[in-house]
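First comes the structure, then the notes that go with it.
Computation of the quantities below employed the complete heavy-atom set of this structure, encompassing side-chain atoms and omitting hydrogens, waters and symmetry-equivalent molecules. Residue numbers begin at 1 in each chain, while the letters A, B, ... track the order of the sequences.
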Amino acid sequence: MAQVQVPFQPPLSGPNGAANAGGNQFVTTSLYVGDLEWNVSDSQLYDLFSQLGQVVSVRVCRDLSSRRSLGYAYVNYSNTQEAARALDVLNFTPLNGKAIRIMYSHRDPSIRKSGTANIFIKNLDKAIDNKALQETFSAFGNILSCKIATDPSGQSKGYGFVQFDSEDAAQNAIDKLNGMLLNDKQVFVGPFLRKQERETAMNKTKFNNVFVKNLSELTTEEDLKKIFGEYGTITSVVVMRDGDGKSKCFGFVNFENADDAAQSVDALNGAKFDEKEWYVGKAQKKYEREIELKGRFEQNMKEAVDKFQGVNLYVKNLDDSISDDKLRELFSEFGTISSCKVMRDPNGISRGSGFVAFSTPEEASRALSEMNGKMIVSKPLYVALAQRKEDRKARLQAQFSQMRPVAIAPSVAPRMPMYPPGGPGLGQQIFYGQGPPAIIPPQVLPIFLA
DNA sequence: GCTGAGCGA
């Protein structure tokens, strides 16, 4: 008889199973562990999770070819109670300086993708950590995932996310906590909205002034008056022109009535006149436009930085005689170089360091291993993956925390309740408990950071 | 001021 390979399937009664969609009376033994720092290893996870029960298997998922960590792992226990306790106790434990985030394994991505029952919280006191957030919101229902946004050093950015397993729980949390005081700060709690959704929500605000661009050079105020006049009474119309009276191909139409303005936008945005497709929208105030442009600029910068992740090499100990071209020549055998630069001081003297970006991470990692330590002119070259500036600090701290002994408290005393039974009253302060942390803080203080 | 990302041997 032919051998049939049976793929691993978690029990159907658990959160993985269709039989238990949304229910929480069953739990499984399979945990998804996400938000891992790049260097977190199987054995590190094994050591940590073994302290709460019998671990059957641990695996950090890795890219098949590069073996790079994908930033998540699976930990399987032999029984459900141990898994449940591990999730409870170990969730948000820092590993290599970064808090891990544990969920029950749920391979069907439909819930994750739907983004339902997902809420956003802002104006959070910086002292409120993942655990405090979890405890505060768990009063309203079962939490699938929850997290405080942090900068690379782990400092709270003052906002966070909670995803529940039901819309009711999410709505209830919003109703009860929005506008409440948490640690003396009034928090905003609302449904999570993607950027796009938020913008369209914002644009529902009333306006009278309409912006129109991509006009033909021949389009006049009279033309606009006639076309927009179909939708209501116009109080002013202008086509912007340069000093010579030449059209800048954009203008403004102000309506007496905001509903008419909105109607004209709906009807005319994207319409074609004289071969030109018009953009028609709410006219932005100068400051609104500045905010949008600034946001877009920062977004572009971020994307540019992301694009270089894993493909950009930092080189140092370069001989002063090495130029951009020479540097490119040295690395060109490993692949396609998308950019290459020797850093120089204001007098044009080489700083002895530079960057070489390849088109793929594979090329970059081969160049790294082949070129690091190679004698160039008179000195051995140092080659490493270039890091983002903000990530450097985090990386140093990760190394630092790796030296700390980590131990699990034998049992965890309950934290103080967040607020009296029945939930907080309007305007009532919510207090955070001072229960002991799940992880005993380091007993040995390592040497200070450079 | 600040609106993620995420599932295998």
(message) Reading DNA chain B from 5' onward, which residue's closest nucleotide shows up sooner: A:F120 or A:L144?
(response)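 Result: A:F120.
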
(message) Which is more 5' along DNA chain B, the nucleotide nearest A:L64 or the one nearest A:L70? Just name the residue.
(response)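 This one resolves to A:L70.
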
Between [N] ([atom2]) and [X] ([atom1]): distance, integer Å:
X: A:I102; N: B:dC7; atom1: CD1; atom2: C1'; value: 14 Å
X: A:I119; N: B:dT3; atom1: CD1; atom2: P; value: 16 Å
X: A:Q186; N: B:dG1; atom1: CD; atom2: P; value: 15 Å
X: A:F188; N: B:dG1; atom1: CZ; atom2: P; value: 15 Å
X: A:I148; N: B:dC2; atom1: CD1; atom2: P; value: 17 Å
X: A:I121; N: B:dG4; atom1: CD1; atom2: P; value: 13 Å
X: A:L31; N: B:dC7; atom1: CG; atom2: C1'; value: 12 Å
X: A:R112; N: B:dG4; atom1: CZ; atom2: C1'; value: 13 Å

(request) Answer yes or no for this row: A:F192 ring on B:dG4 base, centroids under 5.5 Å, planes under 30°. (result)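 A:F192 ring does not meet the centre or angle cut-off for B:dG4; no stack.
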
(request) For A:S57, check side chain to side chain contact (heavy atoms under 4.5 Å, CB included) against everything at least two apart and list the hits. (result)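 Here the qualifying residues are A:N76.
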
Side chains of residues 166-173 of chain A: which donor-acceptor pairs under 3.5 Å do they make with residues two or more places apart or in other chains?
from: A:S166; atom 1: OG; to: A:A169; atom 2: N; distance (Å): 3.1
from: A:E167; atom 1: OE2; to: A:A117; atom 2: N; distance (Å): 2.9
from: A:Q171; atom 1: NE2; to: A:D175; atom 2: OD1; distance (Å): 3.0

(request) Respond yes when some side-chain nitrogen or oxygen of A:R107 is under 4.0 Å from OP1 or OP2 of B:dG8, and no when none is. (result)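 Yes.
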
(message) At 4.0 Å (heavy atoms only), tell me whether A:N118 reaches a base, stays on the sugar-phosphate, or touches nothing.
(response)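 Here A:N118 touches the bases of the nucleic acid.
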
(message) Heavy atoms only, 4.0 Å cut-off, all strands: where does A:Q196 land among base, sugar-phosphate and nothing?
(response)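 No contact.
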
(request) Can you figure out which of B:dT3, B:dG6, B:dG8 approaches the side chain of A:Y74 most closely? (result)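 It is B:dG8.
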
(request) Give the nucleotide from the list B:dG8, B:dC2, B:dA5 with an atom nearest to the side chain of A:Y72. (result)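 For the A:Y72 side chain, the nearest candidate turns out to be B:dG8.
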
(message) Less than 6.0 angstrom from the centroid, inside 45 degrees of the normal: does A:K213 satisfy that with respect to the ring of A:Y279?
(response)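 Yes; both conditions hold, so A:K213 lies above the ring face of A:Y279.
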
(message) By the definition side chain to side chain contact (heavy atoms under 4.5 Å, CB included), identify the one residue from A:I337, A:T336, A:L368 that meets it with A:F358.
(response)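 Considering A:I337, A:T336, A:L368, a side chain to side chain contact (heavy atoms under 4.5 Å, CB included) with A:F358 is found only for A:I337.
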
(message) Using side-chain heavy atoms (C-beta onward) and a distance below 4.5 Å, is A:L181 in contact with A:Q186?
(response)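 Yes - at least one pair of side-chain heavy atoms lies under 4.5 Å apart.
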
